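The block underneath contains the structure these notes are about, expressed in structure tokens.
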Amino acid sequence: MAGYSNDHIASLVRPDQVHRDVYEDPDLFDLEMDRIFGRSWVYVGHESQVPEPGDFFCTRVGLQPVVMSRHSDGTVYVVYNRCAHRGVKVVNEECGNVGRFMCMYHGWTYDTNGDLDFVTQSEGYPDLEFDKLEHGMGRVARWESHHGFVFANLSPDGPGLREWLGENSDFLDDVAVSAPDGEVEVTGGVHRYLYHGNWKMQVENLIDMYHPAYSHESSSAKGGQQFSRREGDKGGIQFFEKRGKVKSMDGLGTHALPNGHTWQGGLPPVENMSEDHRAYVALLEEKHGPNRTREILIKKRHNVIFYPNMAMQELNPHIRVIRPLAVDRTEIFIYPVKLKGAPEKMFRDQLINLNRTHSPTSLVQTDDVEAFTRAQEGMMTSGNEWVLLARTGPQESLESGRIRTTGTSEEGMRNHYRAWLEYMCADRPE
Ligand code: FES
Ligand code: FE2
């Protein structure tokens, strides 16, 4: 790994510009995996993905393979996906149910919490006293969940999950309360695709309300109705009143929080007269009364980013997981989120809408991926080494540490880079 000094790393980020190396330099990518994904809370998965004892779900924290599993005692664990013998990845399937994990190389087995269970032909190790934990797959330093959303931290140092989430934990509260049963479920499969670009391009795109009118013109111009993101929205989003005159997304609002988190303000309400929506509202009213239900139905936020690797939308609810693979290669996972207790047809419609906007071949998603690929290529030129993030709008700083500004401001991205610098330049604990 390149021995970059903090001074060198700091020189790559100016108040309104970043150096192209942050997207193009493989050594910086390695440092990011160590210092951002190795120090921050990183989203792993939702507890509902492992509902029964023995259920497991494999993912990565940065580049490191981990397993989230539900142990026989009902507790969720996050362990490294690594055999204590000679380092082989133990669990190869992406998800499933087991009584024990077994390494395919020499047959060692592990319990569903990653503890060592059995060493084959153990008489060959006369001098070794095997310890369940020490010779287990290895637990990550910390993991915690909020409304079933599980985050892991490979470092024992730093804030707890709730402190790190800050106001983003209110968002998860809002999502949970919008389910008639008070909880959500991650089910309905996954959209998965890979793009040839740096992972931060996707993170930045999620707070970029400047691009949709142009990148997604084919879906958002008059007559293009593909850009509907919620049940009841029959017209989609239309930016072009007539050619050349764009409706700005400034009214939406950008919010920049500590630790690199960001969100966009909510979209205007859509009148939804469908039978299922009315049934859903009736279920909420039964539980919370009409006033609280009206509040619950107002979606205050659109894309909510949990820096560095997760984002969620409450409209047409889904989770987006950003998995860096290399400096110029990233994998994206879109998981539909089901509001437990809501009419089943609502979830079906949600899946249809997600196919339209977020599948690998959707008419919207493909535009963004094309932009990421072209950016990765364009930044290889030596003509200009700097990327401009200078766009502003009126902004105010709130007491909570949140900055509120206009929708097309690039403040959200500048906020990502403030967090990036903090993680990347923090002195390493011994
Ligand atoms: Fe797993 Fe040998 S490497 S049992
Ligand atoms: Fe987009």
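Source: prediction; values computed, not measured. First listed ligand is number 1; within each ligand, the first listed atom is number 1.
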Verify the distance test for His106 against atom 1 (Fe) of ligand 1: any N/O/S atom under 2.8 Å, yes or no.
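It does not; every qualifying atom lies at 2.8 Å or beyond.
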Is the distance from atom 1 (Fe) of ligand 1 to the nearest N/O/S atom of His85 under 2.8 Å?
no
Taking the Fe ion (ligand 2) as the reference point, name the nearest N/O/S atom of His211.
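Result: NE2.
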Should you measure from each heavy atom of [X], which atoms of ligand 1 turn up under 4.0 Å away?
| X | answer |
| --- | --- |
| Cys83 | 1 (Fe), 3 (S), 4 (S) |
| Tyr105 | 2 (Fe), 3 (S) |
| Trp108 | 4 (S) |
| Val88 | 3 (S) |
| Cys103 | 1 (Fe), 3 (S), 4 (S) |

Is it the case that the ring center of Phe101 lies less than 6.0 angstrom away from the ring center of Phe56?
yes
CG-NE2 distance between Leu161 and His146, expressed to the nearest 0.5 angstrom
8.0 Å
Arg70 and Thr75: side-chain donor and acceptor closer than 3.5 Å?
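Arg70 vs Thr75: no donor-acceptor pair found between side chains.
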Taking 2.8 Å as the cut-off, does Asp368 contribute an N, O or S atom near the Fe ion (ligand 2), distance below it?
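Looking at Asp368, which is the residue asked about, there is an N, O or S atom under 2.8 Å from the Fe ion (ligand 2).
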Please state whether the rings of [X] and [Y] are parallel, tilted or perpendicular, taking 30° and 60° as the class boundaries.
| X | Y | value |
| --- | --- | --- |
| Phe306 | Phe171 | tilted |
| Phe333 | Tyr335 | parallel |
| Trp164 | His261 | perpendicular |

Among all protein non-hydrogen atoms, which one is nearest to atom 3 (S) of ligand 1, and what is the separation to 0.1 Å?
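Nearest neighbour among protein heavy atoms for atom 3 (S) of ligand 1, to 0.1 Å: Arg86 N, 3.4 Å.
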CD of Gln395: more than 12 outside heavy atoms within 6.0 angstrom?
yes
